[in-house]
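Report on the following structure.
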Amino acid sequence: MLRTVEPSDPARVGEPIVAVDGLVVNYGSITAVHGVDIRVFAGETVAIVGPNGAGKTSLLSAIAGIVRPAAGAIRIGGEPLAGVALPDVVRRGIAIAPEGRNIFAGLTVIENLRLGATTRRDRAIAADIEKVFADFPILGERKNQPAGLLSGGEQQMLAISRAMLSRPRLLMLDEPSLGLAPAIVERVYQLLKSIRSEGVALLVVEQNAARAFGLADRVYVMSRGLFTLAGAPAEIERHRDFDAAYFGVAMSATGGSP
């Protein structure tokens, strides 16, 4: 089994925001995730890249409490996730912007944003929404329009902003660049860099490896439900097995770090 790779910055080593050990996710007789380990620490960005069907979305869904693992353990801030209701996962500081955005098309932009803050009881929600509108004036201009009328890029901005309304410690993103024009992808990644600068940890699942490598502190390559490579982006890019791992060609998952 590929070992867990820790951050190289000693200041980031300590109690991780999320710790995953031996995670297995099944869908009936199909195993999507085969016993993986991963840590995400405060203030860092971790990317998971790999082909379709590698198990990346299933991993995020398990961490978010959306699917129940068949085996293994997930801890958030040192506390077990098992048996925790989905709203309580959000209260613990975990948010997800899922693949396909999953906005509520029939609700207005501002209603979608308010849904992101349903676990909060503080008085700063309105101010946070106004900040979204200041950062993305188009969302402010269309705040009372159905979210389904937004373009794909605008919906992605809305999905990420909605997730941030919970004020997470860790934001997970599933294919944030999928289906977007290059100029919109650039804008999305500028937003992610801004979020990272605010101290929020990021766990990004991405098929666009070049984009993920440009953002991440650490990278995991996932294929057939396993992590096959892990390390710093520059190490992974030049690893002799990267192409095979990234495109899902059969290879050993026991090779350790690059």
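Quantities reported herein were computed from a predicted structural model and do not represent experimental measurements. For the numbers below, each heavy atom of this structure counts, side chains included, while hydrogens, waters and symmetry mates do not. By convention here, the first residue in the shown sequence is residue 1.
Contact annotation: the side chain of Ile74 approaches that of Pro69 to within less than 4.5 Å [non-hydrogen atoms, C-beta and beyond]. Arg91 has its side chain out of reach of Val84: every pair of non-hydrogen atoms, C-beta onward, lies at least 4.5 Å apart. When side chains are defined from C-beta on, Glu111 does not count as touching Phe104, because their heavy atoms never get closer than 4.5 Å. Using a 4.5 Å heavy-atom cutoff, the side chains of Leu107 and Pro146 are not in contact. The side-chain heavy atoms of Glu99 and Leu178, taken from C-beta on, include a pair separated by under 4.5 Å. Between Val132 and Leu113 there is a side-chain heavy-atom pair separated by less than 4.5 Å. Pro233 is not listed as a side-chain neighbour of Ile236, based on a closest heavy-atom distance of 4.5 Å or more. Counting heavy atoms from C-beta outward, Asp217 and Val46 have side chains that stay 4.5 Å or more apart.
Taking both residues in full, the closest heavy atoms of Arg196 and Thr45 are given as CD-OG1, 3.0 Å, listed atom of the first, atom of the second, then distance. In this structure, Ala19 and Pro16 approach most closely via the heavy-atom pair CB-CG, 3.8 Å. Closest of all the heavy-atom pairs between Met222 and Pro51 is O-CD, 3.4 Å. Across Pro168 and Ala163, no two heavy atoms sit closer than the pair CD-O, 3.8 Å. A pairwise comparison of heavy atoms in Gly153 and Ile184 identifies CA-CG2, 3.5 Å as the closest pair. Nearest heavy-atom pair across Ala62 and Leu81 is O-CD2, 3.3 Å.
Gln156 CD to Leu173 CG: the interatomic distance, rounded to the nearest 0.5 Å, is 7.5 Å. One finds the CG atom of Asn26 at 8.0 Å from the NE2 atom of His34 (value rounded to the nearest 0.5 Å). Between Met164 atom CE and Ile195 atom CD1 the span is 4.5 Å, to the nearest 0.5 Å. Separation of atoms CG (Leu203) and CD1 (Ile48) is listed at 4.5 Å; rounding is to 0.5 Å. Note: Glu198 CD to Arg167 CZ = 10.0 Å, rounded to the nearest 0.5 Å. Taken from CG in Leu180 to OG in Ser151, the straight-line distance is 8.5 Å, to the nearest 0.5 Å.
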message = Test side chain to side chain contact (heavy atoms under 4.5 Å, CB included) on Phe133 and Lys143; report intermediate values, then the result.
response = CA-CA 8 Å; Phe133 294 154; Lys143 64 182 179 181; 3.5 Å; yes
query = Given the rule in the side chain to side chain contact (heavy atoms under 4.5 Å, CB included) test, do Arg169 and Ile94 qualify, once you have shown the distances and angles that lead to the verdict?
reply = CA-CA 6 Å; Arg169 293 187 296 152; Ile94 309 300; 5.7 Å; no
task = Evaluate the criterion side chain to side chain contact (heavy atoms under 4.5 Å, CB included) for residue pair Glu44 and Val40; output intermediate values, then yes/no.
result = CA-CA 7 Å; Glu44 71 167 346; Val40 182; 4.3 Å; yes
ask   = Does the side chain to side chain contact (heavy atoms under 4.5 Å, CB included) test come out yes or no for Val109 and Leu150, once each step is laid out?
value = CA-CA 9 Å; Val109 168; Leu150 298 176; 3.9 Å; yes
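In this structure, the side chain of Ser197 engages the main chain of Ser194 through a donor-acceptor pair within 3.5 Å. Arg120 contributes a side-chain N or O that, together with a main-chain N or O of Leu165, makes up a donor-acceptor pair within less than 3.5 Å. Under a 3.5 Å cut-off, the side chain of Glu79 and the backbone N or O of Ile76 do not form any donor-acceptor pair.
Judged by distance alone, the side chains of Arg218 and Tyr220 do bring a donor and an acceptor atom under 3.5 Å apart. Thr108 and Asn144 share no donor-acceptor pair across their side chains, judged by distance under 3.5 Å alone.
The environment of CZ in Arg68 is sparse: at most 12 heavy-atom neighbours from other residues, nucleotides or ligands sit within 6.0 Å.
Under the side chain to side chain contact (heavy atoms under 4.5 Å, CB included) rule, Gln155 has a single partner from Asn102, Ile160, Ile103, Leu139, which is Ile103. None of Glu141, Lys131, Arg187 except one satisfies the side chain to side chain contact (heavy atoms under 4.5 Å, CB included) rule with Phe136; the exception is Arg187. Tested against Arg211, the residues Glu175, Glu186, Glu206 include a single salt bridge (charged side-chain N to carboxylate O under 4.0 Å, His left out) partner, Glu186.
Linking ILVMFWY side-chain heavy atoms closer than 4.5 Å, directly or via other members, places Ile30 and Val25 in two distinct hydrophobic clusters. Residues Val24 and Leu226 are members of separate hydrophobic clusters, defined by side-chain heavy-atom contacts under 4.5 angstrom among Ile, Leu, Val, Met, Phe, Trp and Tyr. Under the 4.5 Å side-chain heavy-atom criterion for ILVMFWY residues, no single connected hydrophobic cluster contains both Leu171 and Ile17. Follow the hydrophobic side-chain contacts under 4.5 Å out from Leu149 and you never reach Ile110; the two are in separate clusters. No chain of hydrophobic side-chain contacts below 4.5 Å, direct or via other Ile, Leu, Val, Met, Phe, Trp or Tyr residues, connects Val18 to Val204.
Here Asp128 does not pair with Arg123 in a salt bridge; the nearest charged N to carboxylate O distance is not below 4.0 Å.
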